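Below is one structure, written out as structure tokens; the observations come after it.
Keep in mind it's a predicted model, so treat the numbers as computed, not measured.
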Amino acid sequence: MNNALRATLAFSFMALALVGVGLYQSWALSLTILNLCIISSVMALGVNIQWGYAGLFNIGIMGFAALGGAAAMLVSTPPVANAWAAGGWNILFSAVGLIATIIVATLVYKNIPKGRLRSLAMIVVLVTGYLCTRYFFDPAVSAIESTDSAKTGFLGGLGLPIILSWPVGGLFAAGAAWVIGKVVLGLRSDYLAIATLGISEIVVAMLKNEDWLTRGVKNVNGLPRPVPYELQLQQSEWFTGLVEKLYANSLAGLEGAARSTVLKDALIEASSIFVKLCYAGLFATVLLIILTLCVLALNSPWGRMMRAIRDNETAAEAMGKDVTGRHLQVFILGSAICGIAGAMLTTLDGQLTPTSYIPLRFTFLIWVMVIVGGSGNNLGSILGGFLIWFVWTEAEPAGTWLMTFLTNWMPEGNAVKDHLIQGAQHMRLFLMGFILLLVMRFAPRGILPERHAH
Amino acid sequence: MPETVDMLNALVLFTNFVLIPGVTYGSQLALGALGVTLIYAVLRFSNFAHGDIMAFGTMITILVTWWLQSVGVSLGPLPTALLALPFGIAATVLLCLFIDRYVYRYYRSQKSRPVTFVMASLGVMFMVNGLVRFIIGADDQRFFDGERFIIKAREFKKMTGLNEGLAIKTTQGLTVVIALVLVVFVFWFLQRTRSGKAMRAYSDNEDLSLLSGIDPDKVVRTTWIMAAALTAIAGVLYGLDKSFKPFTYFQLLLPIFAAAIVGGIGQPVGAIVGGYVIAFSEMIVTYPYKKFWNYLAPDEWQTSSLLQLLSTEYKFAVSFMILVIVLLVRPTGIFKGKVY
């Protein structure tokens, strides 16, 4: 079976599965799953660029997605004037202090020859810089966090349209990737894995604890949307007209109160579906743009060079290719895509909840997507994103159902039975690990293998 | 110049809150890192399932402890978990050998790249994590019983007449003693026994060791058994000292790997030194020095601020920073590790 046929079959199967959810569960659920499938696919594309094109092992996807999420919040929420008045200047001063420290430290490191003098100078610069920064930072934080802490207690954002945050999220993630890449690329491959794991834990810890910036575990709710609100739609005339046309069959022959009840239900259902469709449209556009760019890049001379480096680093280096430099480039690009996807996810949720960033969900699941879909193949990653996200969401009810069925013979209220049913949700982790190991062993090239058209 | 009493108070304070917890935590990390490093030295990959295998061993120990407690067996002042520990170790060893047989052995026979092994260890991590959560749940479990303290803070104060108390928990004493015994055993094993020498030879040069008739399967088996035992013990000691929660154990991966790399990955001595380096840096950086300072500083310099370099939530950042610094300055780690 050739690849095109495989891809068509696989994607038709996915479409059928989503339609099936729509018919048997609900269309709103089906669209929710679709939206998350698209976002997962974007993340999987980002990882595929790093792993499939260059063999870089990044297990800090959660951190990059979280940076994207922070960007969504920082760009879209309106600034809190009181908090800025209370601690704005001090925060700015401490930021200046931090940047100045870094610049001076770099200058010292570069200009003084190696020796005791340099070590001493570095220590003096770093300690002074740290003290200066803390001098402004501490009062600023307590001032900001105490301004109306029940409602705000943070600086807020820029109050710009949330769509702008998607590229900003990409930039944030790219910045973090640059720092890590500079340090660990060129060393052994699993050092990158450990460093990315570390930075992602730190990013999430910052989101949870820096209340002055992100409100921490109090969450930032009600981020503005790029699409209309359900309530607006229900009250607008053109939408009511549209719904009356679409639901003409069920409305036919009804009069007065009966008609308005049916119409109201129809409006509620239709508005929620419409909003989800708008999101799906936006996300699909991003996915298509990124996919196009990826395909173009993969088939360009640059893509050939990347594959050559992946397949034989020593040979590529001997041909004069800058292996570490290319790795840095591709690592930044892939992380930026993960950042964009993270911003999209927060946009969809409408809130920033730092506690929702869990490595198993955001890092390792994405890896399963890439491997199962077929590493090195862009369409494969997208398919993996759809398939695995679908299995992941549907495995929870299915697992609970299966466990209830299997323990049917046990008496009601049995402690073992309750434990088994409650624990069923954890079995999907087990299932994901099992799928990953099976695919790696028996179909290491994934469902849609990489084409070899060098 | 502060008075002698104040200096003593400051010293006791520092010992109680930094030195003793640091030694304990360092020993736990060292045992964990020793397991990681052994696997790395012999099997040549970073085992990302380490934290979850640690959780698995601890879980079995907890279950057996509960059973022992329910039939009324106890060790008196010592925690019952010590009696259950051999079961935990046995179960962990079996699990590791099982995983090696059905997962890693195939990739060894294929001579796969290290990164494939790492990826497979991610799959194992997922499965073991799911299993642990399924069996014992995702919540916090405490399973310590017996005498809590070797030295109580109140008794210490009464004995010495100082303001500050010094407390040593039973678990802290146990951790340090067990870690010491294990470390001595591991080094004796590696240096003096035939199997240990075979392991080192295999780690140094695989082809040459095969030529001289070393059985690779036996070496791999020995390594897994040792690593699994160390892992289970480290997990149980950590759980006794703090508490058991599957997610915390997963997060321990970062300091453990940092310890192994900082010390020089593949080097047993390095793993131990690395464990203490990471543990003490975490403690020193996240300890609030307010009281300590106020004992030593003259009256006019007293402070009400916490004097904390970094809040405890960022202790992971400390191991990460040390990792980054070591990678920048000396990528092979303190004791030259295997970097290829």
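- At a 4.5 Å heavy-atom cutoff, the contact between B:T116 and chain A is made by backbone and side-chain atoms alike.
- Neither the backbone nor the side chain of A:P444 has a heavy atom closer than 4.5 Å to any heavy atom of chain B.
- For chain B, the nearby part of A:I371 is the side chain; its heavy atoms alone come within less than 4.5 Å.
- Two residues are said to be in side-chain contact when any heavy atoms from C-beta on lie closer than 4.5 Å; B:I256 and B:M54 meet this criterion.
- For A:R134, the part sitting under 4.5 Å from any heavy atom of chain B is the side chain, from C-beta outward, and nothing else.
- Only the side chain of B:L323 comes within contact range of chain A, judged by heavy atoms closer than 4.5 Å.
- In terms of heavy-atom pairs under 4.5 angstrom with chain A, the leader among B:R113, B:Q110, B:Q308 is B:Q308.
- Among A:V183, A:L436, A:L438, A:N209, the residue making the largest number of heavy-atom pairs under 4.5 Å with chain B is A:N209.
- Counting heavy atoms from C-beta on, the side chains of A:L56 and A:R310 never come closer than 4.5 Å.
- The backbone N or O of B:I325 sits nowhere less than 3.5 Å from a side-chain atom of B:R330 that would complete a donor-acceptor pair.
- Interface summary for chain A: among B:V132, B:L309, B:V324, the most heavy-atom pairs under 4.5 angstrom belong to B:L309.
- Between chain A and the residues B:F45, B:F316, B:Y107, B:F257, the most heavy-atom pairs under 4.5 angstrom are made by B:Y107.
- Using a 4.5 Å heavy-atom cutoff, the side chains of B:W224 and B:L43 are in contact.
- Taking 4.5 Å as the limit, some side-chain heavy atom of B:F117 sits within range of a side-chain heavy atom of B:Y104.
- Top candidate by heavy-atom pairs under 4.5 Å with chain B, chosen from A:F364, A:F434, A:Y130, is A:F364.
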B:F247 and B:Y249: CA distance, side-chain angles, deciding distance, ring pair (Phe, Tyr, Trp, His ring centres under 6.0 Å) verdict: CA-CA 5 Å; B:F247 188 64; B:Y249 276 59; over 10 Å; no
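- For the set B:L122, B:L253, B:V103, B:V118, the count of heavy-atom pairs under 4.5 angstrom toward chain A peaks at B:L122.
- With a 4.5 angstrom heavy-atom cutoff, A:I199 touches chain B via backbone and side-chain atoms both.
- Remark: of the listed residues B:L95, B:N129, B:I99, B:I99 is the sole one forming a side chain to side chain contact (heavy atoms under 4.5 Å, CB included) with B:V124.
- With a 6.0 Å cutoff to the six-membered ring centre and a 45° limit on the axis angle, A:R441 counts as a cation-pi contact of B:Y106.
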